[in-house]
Participant: 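Sharing a structure with you now.
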There are 2 protein chains.
Amino acid sequence: MRHVAALAGVGIKTVSRVMNEEPGVSESTRQKVLLASKQLNYELDVTAGSLRRSSRRTQTVGLLLPSVSNPFSAEIHRAMEDALSLKGVAVFAASLDDEPEREESMVRAFLGRRVDGMVLTPIASNQAHVIPEHSRDLPVVFIDREPVGLKADAVVTDNAVGGAKAAQHLYEVGHRKIGYLGDRTDIQTARERRRGFIDALSELGISTASIPVRENLHDVESARLAAIEILTSENPPTALFSSQNLVTFGCMRALRELGLNHTVALVGFDDFTLSDMVDPGVTVIAQHPEKIGALAAERLMARIEGDAQPPKTYIVETTMIIRGSGEIPPAA
Amino acid sequence: MRHVAALAGVGIKTVSRVMNEEPGVSESTRQKVLLASKQLNYELDVTAGSLRRSSRRTQTVGLLLPSVSNPFSAEIHRAMEDALSLKGVAVFAASLDDEPEREESMVRAFLGRRVDGMVLTPIASNQAHVIPEHSRDLPVVFIDREPVGLKADAVVTDNAVGGAKAAQHLYEVGHRKIGYLGDRTDIQTARERRRGFIDALSELGISTASIPVRENLHDVESARLAAIEILTSENPPTALFSSQNLVTFGCMRALRELGLNHTVALVGFDDFTLSDMVDPGVTVIAQHPEKIGALAAERLMARIEGDAQPPKTYIVETTMIIRGSGEIPPAA
DNA sequence: TTGAAAGCGCTAACAC
DNA sequence: GTGTTAGCGCTTTCAA
């Protein structure tokens with residue numbers, strides 16, 4: 001900046017004014033400065049500036065996801081980037097990988113870089129570790145799951161209603177015995193999906209005890225085995241509801257292996273690529289990661305810009321997408 | 001830091017030494033400082049430190065991808081993160097979205113945040129705009145495509161050999177008339193895949209003129225239409241090779257619509273989720289984004305740490321994965 | 001409309 | 001082993 005000032009024959013503060021597009025600079029000096037900065041290929045140092053700037057903003061936020069390569073997370077990431085890059089805000093993205101210790105160390109890494117705010121997918125059983133910083137008024141928005149042990153904005157899918165939609169749909173198609181295949185029970189979202197599903201069936205007059213439930217399925221293979229077990233049991237269900245993509249894939253495998261893919265109905269939670277290219281197409285309760293990301297970005301920016309209303313949880317609805325597998329009637 | 005120093009009853013430089021784990025501090029003072037920093041919930045400001053640090057490193061790198069939500073890109077991102085987070089380096093990720101202007105503006109955003117280096121997927125026809133900075137010795141590694149107009153490290157898939165593998169495989173299965181469905185011809189990788197494919201067939205004695213080629217297919221729908229057109233033409237091919245995922249999906253749709261999915265062979269470039277759940281499973285030439293990301297991260301860090309050997313292009317081989325669609329013999 | 005001086009949080013250089 | 005001073009690139013304050 002000194003060099004640019006010298007070349008343009010002005011003071012360093014004038015260069016600062018021009019680069020920050022502050023008013024109060026004559027057009028002629030502005031041009032001189034612009035020319036000089038172009039010649040020296042000068043670029044304002046955003047972080048150095050934030051050091052002395054009263055707002056202390058670094059125009060940087062942190063984003064913590066289960067994994068940047070998980071399609072659902074990646075879609076959220078993209079939506080946030082779209083909203084934030086317009087405002088000149090850059091995103092630090094990091095993956096958690098189901099390791100609670102990483103949650104804390106990644107948050108520390110963000111804090112050490114003085115992010116203006118963070119969007120986090122909570123994974124540890126308690127998010128109180130963010131509190132000391134949070135009391136520093138660092139804006140935080142949680143996504144996918146609500147935080148435990150601290151109050152903050154959250155943007156989540158309506159998991160319970162999504163589960164209920166699946167139950168109701170399969171009921172309307174005529175099913176009375178529907179199996180549930182679920183994720184780890186210590187995951188809040190998985191519990192909500194099951195709750196919505198079970199409660200809805202219960203309200204429709206189906207006894208809870210009669211619902212085959214298999215949980216703690218964490219990958220395709222465990223889901224496949226659980227589905228096979230359920231489907232080859234004494235009094236097998238005529239339809240399945242799977243709480244998550246990998247579980248859905250496992251169910252698809254099992255149904256196909258048993259030759260039941262056109263006999264037993266399937267509704268999966270969460271949409272996926274090629275869901276319409278398999279046989280039959282898979283009916284899903286779709287989440288809307290792009291809405292979650294956009295809303296999280298908007299809330300975060302509002303907080304950063306001073307919004308002080310009480311923390312709130314924003315709920316994003318699911319959408320049922322009918323593709324065939326969920327419309328198979330029960331075998332006569 | 002001043003506050004911590006005051007609380008611990010030491011000088012500010014001692015705090016700096018402790019926080020940076022520099023040697024030459026007695027264990028007792030170290031403990032005092034650690035305690036004080038814990039009490040004040042103090043976190044070193046990485047960026048402020050870089051200002052005066054002789055290396056000027058910010059422990060931050062920029063990553064520019066076609067889109068953070070594209071599975072191939074996301075996998076590269078993940079692999080880079082894995083390698084870099086171990087070294088305490090944070091990643092700024094940004095999406096390009098096929099807009100050449102964004103390439104320049106995102107690079108400027110990275111530079112304004114004083115990243116230690118960048119990994120870029122080039123998209124503009126010329127990357128010379130990075131040169132002025134590059135001459136500042138800012139390390140840059142290109143991925144997926146080699147840069148044009150400047151010399152720098154690059155990590156790319158062996159696209160030509162991948163195309164040749166597909167050609168050879170289909171030839172060995174007995175096909176003599178194989179259609180090619182390709183992406184935009186202004187994309188280097190697409191051109192390479194075609195070149196490898198065509199050259200291999202040519203070497204196998206198939207006249208180039210007899211190969212049906214459809215290009216500039218940018219999405220599923222355009223690919224589907226092109227495939228239908230080719231397959232319903234006078235003398236249709238008995239096999240197809242598609243240069244990219246979306247094109248592969250379009251071909252799958254077309255084959256299924258025409259009832260040819262068990263009659264006409266298909267090999268796709270690039271692997272995808274559920275490729276084994278469709279009917280038939282899709283044989284692909286798989287790329288290895290995790291290797292590309294890991295290698296790019298390794299090269300970038302080496303450059304940042306002073307490696308000054310001449311720029312080099314690293315080539316990551318493809319792997320053919322046989323799943324059924326590519327093994328369908330030509331109709332008698 | 002412009003610029004000089006102080007200082008943001010930190011590290012380098014050097015003194016003690 | 002420890003502290004002091006200067007200064008990184010910038011913005012703030014305030015005077016001209």
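Note that the structure is a prediction, hence the values are computed from the model and not measured. Just so it is clear, the values below take in all heavy atoms, side chains as well, and ignore hydrogens, waters and symmetry mates. Letters A, B, ... are given to chains in the order of the sequence lines, protein chains preceding strands, and every chain is numbered from 1.
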Participant: What's A:Ser54 touching, base or sugar-phosphate or nothing? Going by heavy atoms closer than 4.0 Å.
Facilitator: sugar-phosphate
Participant: Quick check: does any side chain N or O of B:Glu43 sit under 3.5 Å from a backbone N or O of A:Gly112, one acting as donor and the other as acceptor?
Facilitator: no
Participant: Testing the basics here: between B:Glu99 and B:Ile123, what is the closest heavy-atom pair and its distance to 0.1 Å?
Facilitator: N-CD1, 4.0 Å
Participant: What closest approach, in Å, do B:Gln287 and B:Asn159 show between heavy atoms, and which atom pair accounts for it?
Facilitator: OE1-OD1, 4.4 Å
Participant: Please report how far the helix from C:dT1-D:dA16 to C:dC16-D:dG1 bends, comparing the axis fitted to its first five pairs with the axis fitted to its last five, to the nearest 10 degrees.
Facilitator: 30°
Participant: Can you tell me the distance, in whole Å, between the CZ atom of B:Arg2 and the C1' atom of C:dC10?
Facilitator: 11 Å
Participant: What pairs of donor and acceptor atoms, side-chain ones from residues 1-24 of chain A against any protein atom, are under 3.5 angstrom apart with sequence neighbours left out?
Facilitator:
| from | atom 1 | to | atom 2 | distance (Å) |
| --- | --- | --- | --- | --- |
| A:Asn20 | ND2 | A:Ser16 | O | 2.9 |

Participant: Rounding to an integer number of Å, can you tell me how far A:Asp45 CG sits from C:dG9 C1'?
Facilitator: 14 Å
Participant: Given atom CG of A:Leu51 and atom P of D:dT11, what is their separation to the nearest angstrom?
Facilitator: 11 Å
Participant: For the pair made of OH in A:Tyr42 and P in D:dC8, what is the distance, rounded to whole Å?
Facilitator: 13 Å
Participant: Please produce a list of atom pairs where a protein N or O lies less than 3.5 Å from an N or O of nucleotides 4-7 of chain C.
Facilitator:
| from | atom 1 | to | atom 2 | distance (Å) |
| --- | --- | --- | --- | --- |
| C:dG7 | O4' | A:Arg52 | NH2 | 3.3 |
| C:dG7 | N2 | A:Arg52 | NE | 3.3 |
| C:dG7 | N3 | A:Arg52 | NE | 2.8 |

Participant: Nearest whole Å is fine: how far is C:dC10 C1' from B:His3 NE2?
Facilitator: 14 Å
Participant: With sequence neighbours excluded, tell me which residues meet salt bridge (Lys or Arg N to Asp or Glu O under 4.0 Å) with B:Glu101.
Facilitator: none
Participant: About how many Å separate CZ of B:Arg56 and OG of B:Ser50, when rounded to the nearest 0.5 Å?
Facilitator: 5.5 Å
Participant: So which atom in A:Ser85 and which in B:Met106 form the shortest heavy-atom distance, rounded to 0.1 Å?
Facilitator: CB-CE, 4.5 Å
Participant: Can you check the B:Arg53 CZ to C:dC10 P distance for me, whole Å?
Facilitator: 11 Å
Participant: My understanding is that only residues two or more places apart in sequence, or in another chain, count here; which of them pass side-chain hydrogen bond (donor to acceptor under 3.5 Å, both in side chains) with A:Ser54?
Facilitator: none
Participant: Kindly say if A:Thr14 contacts the phosphate of C:dG3, meaning a side-chain N or O under 4.0 Å from OP1 or OP2.
Facilitator: yes
Participant: Could you report the tightest heavy-atom contact between A:Leu150 and A:Gln127, atom names first, then the distance?
Facilitator: CD2-O, 3.0 Å
Participant: Output the residues of residues 18-36 of chain B in contact with DNA chain C, where contact means a heavy atom of the residue under 4.0 Å from an atom of the strand; sort by number or write none.
Facilitator: B:Asn20
Participant: Passes side-chain hydrogen bond (donor to acceptor under 3.5 Å, both in side chains), B:Thr121 versus B:Asp144? Steps please.
Facilitator: CA-CA 6 Å; B:Thr121 316; B:Asp144 199 36; over 6 Å; no
Participant: Taking all atoms of both residues into account, what is the closest heavy-atom pair of B:Ala74 and B:Val68, and its distance?
Facilitator: CB-O, 3.5 Å
